[in-house]
Amino acid sequence: MMHQQKWIVLAISLFPSACDDVAAVEHGATEPEVDRPEQPLADASQEAGGFDAYARRYVTREPDGTWVVEGDIAFDDEEEVRRYYEQRYAVADEPGCEDGEVCPRSTVGQTSTGRDRVWNAHEKLSLAYCIGDMGNQTNRDRVEAALNEATRAWELTADINFIYVSDQDGIGCATGGVSDIRFTVSRVGTCPALRLAFADLPGTASAALNYCDLGLGQSDAGLLKTTKHELGHILGLHHEHLRFGQEAGSNCAEDNGIPVRGVTFADSDSIMGYDFCGGMNSGNDDLSRLDYAGMWYLYSMPKGHGKLFGQLYNQYNNFRGYESDDVLWYTPADYRLSLWSTSESPGTSSTPIAFTKPATGTTSVATSASSWSRPLPVQWYNNGDANLAREVVMFAPGSLTDELIANDNDGTFTTSAATINGWSIPLLGNFHQGTYTEVLWWSPGSGSLLWRANGSMGITQTTATTDYNGGAFSALDFHSKALVGNFGFQGGGGAEILSFDTVGAGWVTRGTGTHGFETKYVDLSPPVGAEAYRHIPLLGDFDGDGYGDIFWYGPGSLTDRLNLLDGSLWDDLESGATILNHPVSGYYKPFVGDFNGDGRADIFWYQPGSGGDSIWLFNSSGGYTSVARTVNGDYSPIPGDFNYDGCDDVLWFNAVTNGVTVWRSNCDGGFTEQSHHSAPDDSYPVGYGIGY
C-alpha cells in the first residue's frame, strides 16, 4: 500500500551555526534562576544599553581570565567578546529591537568577513584533544567515557574525526598550546550559578571544553548529555532554543523576532537546546534527526567517485587521465593542491605502489580560493584523453571566493573564477546519462540549480525542477538527506538520487530530458527500519549485477540491512529490491572498495583505536565471507586502486601527524603494509569521505 506523501520544505539555507551556552540542566531538574554575572566587563556603564546591558546580563570572567558569554561560550579577551556581540546581535537602531534590548540576530557564528566559524577541510579530520586534571581519578574516568561516546555520536553524523591523544593528558594539557591539539578538556572548579560546563567555538585560540564541578557531579547520563551539547559548540553550533521566542528575563536568553539563519527547521528536539526553554521538548538527551541532517549539510563533502555512477562514467579517481587512482591533496592554509599520481601501466597484486609527487616546497596548483573551501572532484572537460581526468570545484559556502580548476591531463591545472549559489549543498552525478559530471546545487528552501559541462570549458546553469505527482517542485526541496548512485532507474546509464527523511518517507529522483527531473515516493521502512536518520548508507555494487546497491549500516544495536537493487525500483516501488539482514553490531567507520578484484563491492569495517576490524567480501547472491584484519589507531582511510591491478588498496591517513601508511591489496582480502609517506602539511585528500 502506498504511504501518504509528505512534502517537507527545508526552510533555511546552509548551516553555519554556533552559539554557546551552558549545557542544559540535567533532565528532570527545575528551571534555573537567571544567571546574572558576578563580574561585568571592565568599565561597563551600569546605565547604558546595547553592549553594556548585554555584558551585565550575559558575560562573566573566570578566575583564569577567560571571558564566558551566555553561559558556555568562551573567549580569550574582551575584544573577542565585543566582536562576537557585534556580529551576533542587533542593537537599538536596528528594526525590531527596542532601546536597550539584546536581540539575537542569527544562530550562526561568523567572522567579520561573513565566514562561518567552523573547522576547515583539514581541521575537521584532526579534532585532537587531551584531558587535563579532573580533580580525581573517578572524574577523569567518567569524563573519558563520556567523551568517547559523545565524540562517536557526532562522528556518525558527517565527515569529522575526533582523536583522543592520551599521551598529552594530565596537568600540562590544561595549560593549552599542546602540540597537535585542537582543544583541551579541563576542570575549572566552582562556576557561577548553575553552570555545568562551557566550550569554545572553532577558531578560538587555546580552545577548550571546560567542566564545572556541578557538571562533574551529575549522573553518568547527565554528564554524557552535557558533553554532547558542549561538543556541538566545539563543532560550531549555537543554542537551538534561541530560534524560539523566549520569555524576557528568563535564563533562556531573549529573542525579539529578528530572523535567524539555520540549515534546518527550528528543532524542538535538538541536543543544542535547553529542554526547560520555550519551544523545546523535554528529554532531548541525544542528537536529533535534524542535528544529524544539519551536521551533514555543514561538514560532509560528496566523493564524486565514478565507481558508483554507471558505465558511462570513469571508474577511477584519477587526475592524470590514467586508469588508476591518484591522491590530490588540498592544503587550506596556503590554498594549494598537490598531486600524488601513480603509474599509467597496469600492475599486479605484487606491484609496489609508487607515487610521483611534487618536489618538497612546490605545488601542483596555487588557488585563490578560501581556506574554508570545500574541494569537489568532477569530470568536465575532454582534453583529448578518453579517460577524462578529474577537475576540482573549490566551493566556498556563503559569499567567499569560489573557483573552477580545470585539468590539463598532465598534472597541471588552470584556474578560473566562479560564482556558486550561497549556502548550497552540492550533489554530484551524471543525472542525464551524459559523459560529464553534473552538479546539482541544492539550496534548501531556496530552490536548486543544475550545472552541466559542455566538454569545452563551458558550464551551463539552469533552474532544476522535478515533476512530483503532476506538480512542479524545485528539485529536492522536500528532502533532508540525499544519496547519489547508479541504482538502475534509467536503465543503468546514469546517476539517480535516493533521498530520505524519517521512517517510511523516501523519494527517488531521476533526470528527464536535458535538465529536468522526476520524483516518486518510495517506502523505506523495510530496508531501514526505525530511526532512519541514524543509519549510514554505504553505496556499492555488492552483487556485481551492474546496479548500485545500498548497505544500511545501523551503528550500535540498530538493524543492519543490505538493499540489493535490480533496476526495477522506479516501476515497482513496493518490491523493487531484495532485502537481506546482515547484523554488524558495534560502532565502525566503514568504507567500500573492491578488495579482492572480483568486480563486486566489499566493506571494510574499520573501528578506530584498538578494536577488532574485518572485511566482508561479497558474493553474487549478496552473502559475504568475513576476513579479520587489525588496524590499530585512529585514521582517515583512503581506498583506491593505486597500482592498477584491479584490487583496491588503502592509504591510512593520520591527519594529526600528516603520516600516510600504504596497505597494498593482495587481491584476496589481505594486505601488505608497504611504505610510509608524509602528506603535505595540514592537507585534505580531495574526494575523501566516510559513508556518503
Q: Are Asp291 and Ser270 close enough, and set up right, to give a side-chain hydrogen bond (donor to acceptor under 3.5 Å, both in side chains), and what steps lead you there?
A: CA-CA 6 Å; Asp291 288 334; Ser270 174; 2.7 Å; yes
Q: Would you call Asp645 and Thr351 a side-chain contact if the rule is heavy atoms closer than 4.5 Å?
A: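 No, too far: nothing below the 4.5 Å cut-off.
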Q: Write down the atom of Ile163, the atom of Leu125, and the distance for their closest heavy-atom approach.
A: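 Where Ile163 meets Leu125 most closely, the heavy atoms are CD1-O, 3.9 Å.
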Q: Report the distance from atom CD of Gln674 to atom OG1 of Thr661, rounding to the nearest 0.5 Å.
A: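 Here the rounded value is 11.5 Å.
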Q: Which heavy atom of Gly540 sits nearest a heavy atom of Val592, and at what distance?
A: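 Heavy-atom minimum between the residues: CA-CG1, 4.5 Å.
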Q: Using side chain to side chain contact (heavy atoms under 4.5 Å, CB included), reason through Ile160 and Met295 one step at a time and then give a plain yes or no.
A: CA-CA 9 Å; Ile160 53 180; Met295 290 301 290; 4.2 Å; yes
Q: What is the distance from atom NZ of Lys589 to atom CD of Gln607, rounded to the nearest 0.5 Å?
A: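 Lys589 NZ to Gln607 CD: 11.5 Å, rounded to 0.5 Å.
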Q: Look at the rings of Trp663 and Phe604 and say which category their plane angle falls in: under 30° parallel, 30 to 60° tilted, over 60° perpendicular.
A: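 Correct class here is tilted.
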Q: Would you say Asp543's side chain and Arg600's backbone share a donor-acceptor pair under 3.5 angstrom?
A: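 No, because the side chain of Asp543 does not come within donor-acceptor range (under 3.5 Å) of the backbone of Arg600.
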Q: Check residues 615-627 and write down every donor-acceptor pair under 3.5 Å in which the side-chain atom is one partner and the other belongs to a residue at least two apart or another chain.
A:
unit_1, atom_1, unit_2, atom_2, d
Asn619, OD1, Ser621, N, 3.0
Asn619, OD1, Ser621, OG, 2.8
Asn619, OD1, Gly622, N, 3.2
Asn619, OD1, Gly623, N, 2.9

Q: Show the numbers, then the answer: is there a side chain to side chain contact (heavy atoms under 4.5 Å, CB included) between Trp442 and Tyr297?
A: CA-CA 10 Å; Trp442 171 31; Tyr297 298 156; 4.1 Å; yes
Q: Check Asp613 with Arg629, please: is the shortest side-chain N to carboxylate O separation under 4.0 Å?
A: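 No salt bridge links Arg629 with Asp613.
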Q: Who pairs with Tyr684 by ring-ring contact (aromatic ring centres under 6.0 Å, His included), at least two apart in sequence or on another chain?
A: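 Partners of Tyr684 by the ring-ring contact (aromatic ring centres under 6.0 Å, His included) criterion come out as none, since no residue qualifies.
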Q: Backbone N or O of Val656 within a donor-acceptor pair of the Ser126 side chain at under 3.5 Å?
A: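 Answer holds: no.
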Q: Exactly one of Phe319, Phe653, Phe355 should register a ring pair (Phe, Tyr, Trp, His ring centres under 6.0 Å) with Trp329. Which one does?
A: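 Output: one option passes, namely Phe653.
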Q: Considering all heavy atoms of both residues, which atom of Leu539 and which atom of Val484 are nearest to each other, and what is their separation?
A: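 Where Leu539 meets Val484 most closely, the heavy atoms are CD1-O, 3.1 Å.
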Q: One pair to check against side-chain hydrogen bond (donor to acceptor under 3.5 Å, both in side chains): Thr466 and Thr519. What are the steps and the verdict?
A: CA-CA 6 Å; Thr466 188; Thr519 297; 2.7 Å; yes
Q: Heavy-atom distance under 4.5 Å between the side chains of Ser268 and Asn281, does that happen here?
A: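 Result yes, sub-4.5 Å side-chain heavy-atom pair found.
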Q: Look up atom CG in Asp668 and atom CG in Asn596, then write down how far apart they are to the nearest 0.5 Å.
A: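 CG of Asn596 is found 8.0 Å from CG of Asp668.
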Q: To the nearest 0.5 Å, how far apart are CG in Asp560 and CG in Asn581?
A: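 Those atoms lie 9.0 Å apart.
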Q: Evaluate side chain to side chain contact (heavy atoms under 4.5 Å, CB included) for Ser675 paired with Val662, printing each intermediate quantity in order.
A: CA-CA 5 Å; Ser675 58; Val662 177; 3.5 Å; yes
Q: To the nearest 0.5 Å, how far apart are CD1 in Ile497 and CZ in Arg510?
A: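 If we round to the nearest 0.5 Å, Ile497:CD1 and Arg510:CZ are 12.5 Å apart.
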Q: Do Thr509 and Phe431 have side chains that get closer than 4.5 Å, going by heavy atoms?
A: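 No, every pair of side-chain atoms sits at 4.5 Å or beyond.
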Q: Which value, rounded to the nearest 0.5 Å, describes the distance between Cys647 atom SG and Asp594 atom CG?
A: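 Going from SG on Cys647 over to CG on Asp594, the span is 6.5 Å.
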Q: Quick check: do Tyr588 and Ile536 have side-chain heavy atoms less than 4.5 Å from each other?
A: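 Heavy-atom side-chain distance check fails, nothing below 4.5 Å.
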Q: Quick check: does any side chain N or O of Asp269 sit under 3.5 Å from a backbone N or O of Ser288, one acting as donor and the other as acceptor?
A: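 Looks like no, no N/O pair under 3.5 Å.
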Q: Do the side chain of Asp641 and the main chain of Gly646 share a donor and acceptor less than 3.5 angstrom apart?
A: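 Yes, the answer is positive, given that a donor and an acceptor are paired below the 3.5 Å cut-off.
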Q: Does some side-chain heavy atom of Leu376 sit less than 4.5 Å from a side-chain heavy atom of Pro302?
A: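 They are in contact (side-chain heavy atoms under 4.5 Å apart), so the answer is yes.
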Q: Do the non-hydrogen side-chain atoms of His582 and Tyr553 ever get within less than 4.5 Å of each other?
A: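 A side-chain contact is absent here, since even the closest heavy-atom pair is not under 4.5 Å.
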Q: Check whether Asn486 reaches the backbone of Gly548 with its side chain - one donor and one acceptor, N or O, closer than 3.5 Å.
A: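 Not a single qualifying donor-acceptor pair exists.
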Q: How close do Tyr299 and Ala158 get, counting heavy atoms only, and between which atoms?
A: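 Reported closest heavy-atom pair: CB-CB, 3.9 Å.
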Q: Determine yes or no for a side-chain-to-main-chain donor-acceptor pair under 3.5 angstrom, with Asp549 supplying the side chain and Leu565 the backbone.
A: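 Confirmed, Asp549 side chain pairs with Leu565 backbone.
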Q: Identify the two heavy atoms, one from Leu427 and one from Ala482, that lie closest to each other, and give their separation to 0.1 Å.
A: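 Looking at all heavy atoms of both residues, the shortest contact is CD1-CB, 3.8 Å.
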Q: With the side chain counted from C-beta on, respond yes when Arg452 and Thr514 share a heavy-atom pair under 4.5 Å apart, and no when they do not.
A: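 Arg452 reaches Thr514 side chain to side chain.
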Q: Would you confirm whether Ser614, through its side chain, and Trp605, through its main-chain N or O, come within 3.5 Å as a donor-acceptor pair?
A: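 Side chain of Ser614 to backbone of Trp605: no pair is present.
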Q: Do any N or O atoms from the side chain of Glu149 and from the backbone of Leu224 form a donor-acceptor pair under 3.5 angstrom?
A: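 Answer holds: no.
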Q: May I have the step-by-step check of side chain to side chain contact (heavy atoms under 4.5 Å, CB included) for Phe162 and Leu147, ending in yes or no?
A: CA-CA 10 Å; Phe162 288 97; Leu147 283 164; over 6 Å; no
Q: One thing to verify: whether Asp286 and Arg534 come together as a salt bridge, which I'm taking to mean a side-chain N less than 4.0 angstrom from a carboxylate O.
A: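 Yes.
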Q: Under a 3.5 Å cutoff, is there a donor and acceptor pairing between the side chains of Asp325 and Asn317?
A: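 Note: Asp325 and Asn317 side chains miss the donor-acceptor criterion.
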Q: If you take all heavy atoms of Asp159 and Lys124, which pair is closest and at what distance?
A: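 So the minimum-distance heavy-atom pair works out to O-CD, 3.0 Å.
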Q: Verify whether one side chain among Thr672 and Asn666 offers a donor that lies under 3.5 Å from an acceptor in the other.
A: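 Short answer, yes.
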Q: With a 3.5 Å distance limit and no angle check, can you tell me whether Asn148 reaches the backbone of Arg152 through a side-chain donor-acceptor pair?
A: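 Checking the backbone N and O of Arg152 against the side chain of Asn148, no donor-acceptor pair under 3.5 Å is found.
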Q: Applying ring-ring contact (aromatic ring centres under 6.0 Å, His included), run through Phe671 and Trp652 and close with a yes or a no.
A: CA-CA 12 Å; Phe671 297 87; Trp652 300 98; 8.1 Å; no
Q: Do any N or O atoms from the side chain of Asp634 and from the backbone of Pro608 form a donor-acceptor pair under 3.5 angstrom?
A: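 Checked: no pair found.
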Q: Any non-hydrogen side-chain atom of Glu496 less than 4.5 Å from a side-chain atom of Val508?
A: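 Of all side-chain heavy-atom pairs linking Val508 with Glu496, none is under 4.5 Å.
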